[in-house]
Protein chains: 2
Amino acid sequence: MNELIGIKQIAKLAKVSIGTVDRVLHDRPGVSKTTREKILAIIKETGYKKNAVASRLNLAARKKVKIAVLIPEATSNWSYWEVPKKGIDDAVEELSDLGILVTYFYFTGPDSFESQAKLVLKKDIDGIITVPFFKEESNCLLGNAKKNKIPVLFLDTEIQLDDPAFFIRQNSYDAGRVAGRLLHGLVGEEGLYFVFNIITDRGMHVNNEQRENGFREFFKTNFKDTPITIITINHPIGGALGINDELEKWFKDKRPKGIFVTNARSYLIPKILEAHKVSNVSVVGFDLHKDNLECLRNNEIHFLINQKPEFQGYTAIKSMFKYLTEDDSSDLNIDIPVEIIVKENCQAL
Amino acid sequence: MNELIGIKQIAKLAKVSIGTVDRVLHDRPGVSKTTREKILAIIKETGYKKNAVASRLNLAARKKVKIAVLIPEATSNWSYWEVPKKGIDDAVEELSDLGILVTYFYFTGPDSFESQAKLVLKKDIDGIITVPFFKEESNCLLGNAKKNKIPVLFLDTEIQLDDPAFFIRQNSYDAGRVAGRLLHGLVGEEGLYFVFNIITDRGMHVNNEQRENGFREFFKTNFKDTPITIITINHPIGGALGINDELEKWFKDKRPKGIFVTNARSYLIPKILEAHKVSNVSVVGFDLHKDNLECLRNNEIHFLINQKPEFQGYTAIKSMFKYLTEDDSSDLNIDIPVEIIVKENCQAL
DNA sequence: CTGAAAGCGCTTACAG
DNA sequence: CTGAAAGCGCTTACAG
């Protein structure tokens, strides 16, 4: 709390000009070894810390930090990707005085991802935020970005890539374990457990798989012999699910039942249950999709797990900006907490 | 995204100097009505927004924002108040370049709260962050602060005061309803429910009461005839709880049981249950006290509700700073979300 | 290799 | 009532 030491004080102590101090601070060439070392010693001694605000004030006007955001196009159904975008926009607003420019690029499948990624790399850009939905194409983007020394931050999903990268996403395996805990609490040890993977042709299912694995691991660790039935349904988005003979068989059993839906489509379950005339089934799903929230309010879904997409977007921008301006990568790898939502705490969000 | 309009451009458009523009922007006297109106019109037209960073750069060096934080002294037992303090310190660190100075004051009871509050008001201070543990004394502080036009922000607990004030805290009533939902999920409709208020002589019990009310309201709304037994134990912090005849009576009943502890002392429950030789009781409590976390890991406590004390501290500083520097009070009243913690999602925090 | 000057957008004395 | 200058801490040309 003693008077903050600035570049000016350092210069005075070292008997040089502030320009020279600046050169040393930024590791720029053109300083003799002796002066450099003298200045470095003083910087260390005084515990000098650069004033990031003053620094940005200059640069903001001349050279904005440019970040490209490459995400799925918001579809007409559920515009999930509007949510992280909201967070991104909030962060941009907060950082606007510090000089930031975010440009959005959209993709719909592997091909457009690839072409948009190429477009991004052609632009004059400092960092990239995207999602690793397509392994090969993500590797390609990551490799090319690496060549240009452009950092890439992935949201939503973690997959193994050829080069190290940054990830801000929920640990889906942990989320599955939490779902196991919650569903077990409602259904008990004598229950029948179902995992519903309601998928579509296109799109990644990495999160689905890891959530299922975590769910099974929970039971394997805590309640060894609990039988879990995995049901995978390929179903286009929109449209309802009808009677299913395989399901009918399962529903005949009298034991208490729990269903874990490994993605946002748990809102489809109540109608299936109705069609099969089954009731008293506990349901755990993901994401605060409005239809899910509706089911939560009607006690048709009992728990929702939130991966905080808005926070993901917000913190992605903040962390990337911090990295690009202060070379601080500490916030570029984040485990989003597994947030548990019930009817009584869903409004506050 | 067109070129940002600055004070200089405004001045040029209005054919005045930037000094005059500055006077208008800050509503300072010494500008003729005509020029003032001309400038205001241009500001409106151009959508000028002041560059907060540049503005602070000046002031940071001359006049720091000074915030007094008056909180309970951290006790040797559980230093709960270390947690919001951590959040406060993080926020201060983040804002250090913008010129902030936080001074801590500590109290142990109503008397020291009062004397420390007086001390705070004598200092040259821009804002106060504290907790409303003592109604009369809080009113006194709030009244005096109002006279000096110093904003007061209360954390942790909301109570009704004579003047309007700012609150950043969890809605305890909602938290109680969430606890009801969670415990009911584990215990079911045929169960016996207990609310444990484990209190001490000193200290406020407003949160305890509201949590209990919310809990009862949950059952009243959803499961009308569920019997709930309220048990209030006055017990000093530290030391264990032994056999209790009244409890023994209740524990004789064979029905499934659920216990809701309305504060952080749920870690005392497992030992009581052991003493009474009762098992299979579901427990919901508050706060990530290390003993509570230990019980959560041992499956002796099943849910914990977190009121995010670190976030409360962090956001208190950020919001107060924003209010004092940008006159933006929008973040000074916050409902902290009711965060649900189980064994499987407690590490990430 | 080093220094002096101009500037980022805004604020604060000071001069008229 | 208004303007011109100096300055916040740092960065960037430019001059030597």
Side-chain angles (χ1 to χ4, degrees), chain A residues 3-40 42-43 46-65 95-100 324-327, chain B residues 3-40 42-43 46-65 95-100 324-327:
Chain A
E3 276 322 296
L4 291 189
I5 292 100
I7 203 176
K8 221 153 61 176
Q9 287 80 327
I10 304 275
K12 201 195 277 179
L13 288 169
K15 297 196 176 72
V16 296
S17 74
I18 57 167
T20 303
V21 175
D22 189 69
R23 277 174 206 114
V24 172
L25 283 170
H26 292 83
D27 245 329
R28 276 193 273 268
V31 185
S32 77
K33 210 179 163 194
T34 3
T35 22
R36 173 162 306 229
E37 273 162 7
K38 185 170 33 161
I39 292 172
L40 281 173
I42 292 171
I43 286 170
T46 54
Y48 167 80
K49 252 194 73 213
K50 118 171 147 174
N51 183 324
V53 163
S55 166
R56 282 307 304 165
L57 180 57
N58 274 291
L59 302 174
R62 304 170 206 255
K63 196 164 65 79
K64 288 183 199 275
V65 169
L95 294 172
S96 64
D97 284 345
L98 300 176
I100 186 169
L324 294 171
T325 58
E326 301 177 48
D327 200 33
Chain B
E3 277 323 296
L4 293 189
I5 292 100
I7 202 177
K8 222 154 56 176
Q9 288 80 325
I10 304 275
K12 201 193 277 175
L13 288 169
K15 297 197 175 72
V16 295
S17 74
I18 56 168
T20 303
V21 176
D22 189 69
R23 277 174 205 113
V24 172
L25 284 170
H26 292 83
D27 244 328
R28 275 193 274 266
V31 186
S32 77
K33 212 180 160 193
T34 2
T35 22
R36 174 163 307 232
E37 273 163 8
K38 183 169 38 159
I39 292 172
L40 280 173
I42 293 171
I43 286 171
T46 55
Y48 167 81
K49 253 194 73 212
K50 119 171 145 172
N51 183 325
V53 163
S55 166
R56 282 309 303 165
L57 180 57
N58 274 291
L59 302 175
R62 305 170 207 254
K63 197 163 64 77
K64 289 183 199 274
V65 169
L95 295 171
S96 64
D97 285 345
L98 300 177
I100 185 170
L324 293 171
T325 58
E326 301 176 49
D327 201 33

Close residues, residues 26-38 of chain B, relative to DNA chain D [heavy-atom separation under 4.0 Å] | B:Gly30, B:Val31, B:Ser32, B:Thr35

Tell me which of B:Lys50 and A:Ser17 sits closer to the 5' end of DNA chain C, going by the nucleotide each one is nearest to.
-> A:Ser17

Need one value for [X]: base, sugar-phosphate or nothing, where a base atom within 4.0 Å counts as base even if backbone is also close, heavy atoms only.
{"X": "B:Asn51", "value": "sugar-phosphate"}
{"X": "B:Ile18", "value": "base"}
{"X": "A:Val53", "value": "nothing"}
{"X": "B:Arg56", "value": "nothing"}

DNA chain C in dot-bracket form (Watson-Crick or G-U pairs under 3.5 Å, [ ] crossing, | inter-strand) is |||.||||||||.|||

Quick one: list whatever passes side-chain contact (heavy atoms from CB on, under 4.5 Å) with [X], sequence neighbours left out.
{"X": "B:Ile18", "answer": "B:Ile7, B:Lys8, B:Ala11"}
{"X": "B:Lys49", "answer": "A:Glu93, A:Ser96"}
{"X": "A:Leu13", "answer": "A:Ile42, A:Thr46"}

Taking salt bridge (charged side-chain N to carboxylate O under 4.0 Å, His left out) as the definition, give me every residue that meets it alongside [X], ordered by chain and number, with sequence neighbours left out.
{"X": "A:Asp27", "result": "A:Arg36"}
{"X": "A:Lys12", "result": "none"}
{"X": "B:Lys63", "result": "none"}
{"X": "B:Asp97", "result": "none"}

With the side chain counted from C-beta on, respond yes when A:Arg56 and A:Thr325 share a heavy-atom pair under 4.5 Å apart, and no when they do not.
-> yes

Applying side chain to side chain donor-acceptor pair (under 3.5 Å), name anything that partners A:Ser55, two or more places apart in sequence or on another chain.
-> none

Where chain A begins and ends its contact with DNA chain C, read 5' to 3' at 4.0 Å from heavy atoms = C:dC1 to C:dG9

Heavy-atom closest pair (A:Lys38 atom, A:Ala14 atom, distance to 0.1 Å) is NZ-O, 3.2 Å

For residues 14-25 of chain A, which residue pairs qualify under salt bridge (charged side-chain N to carboxylate O under 4.0 Å, His left out), counting only residues two or more places apart or in two chains?
-> A:Asp22-A:Arg28

Which whole number of Å gives the distance between the P atom of C:dC10 and that of D:dC1?
-> 25 Å

Pick the P atom in C:dG9 and in D:dT2, then give their distance to the nearest Å.
-> 25 Å

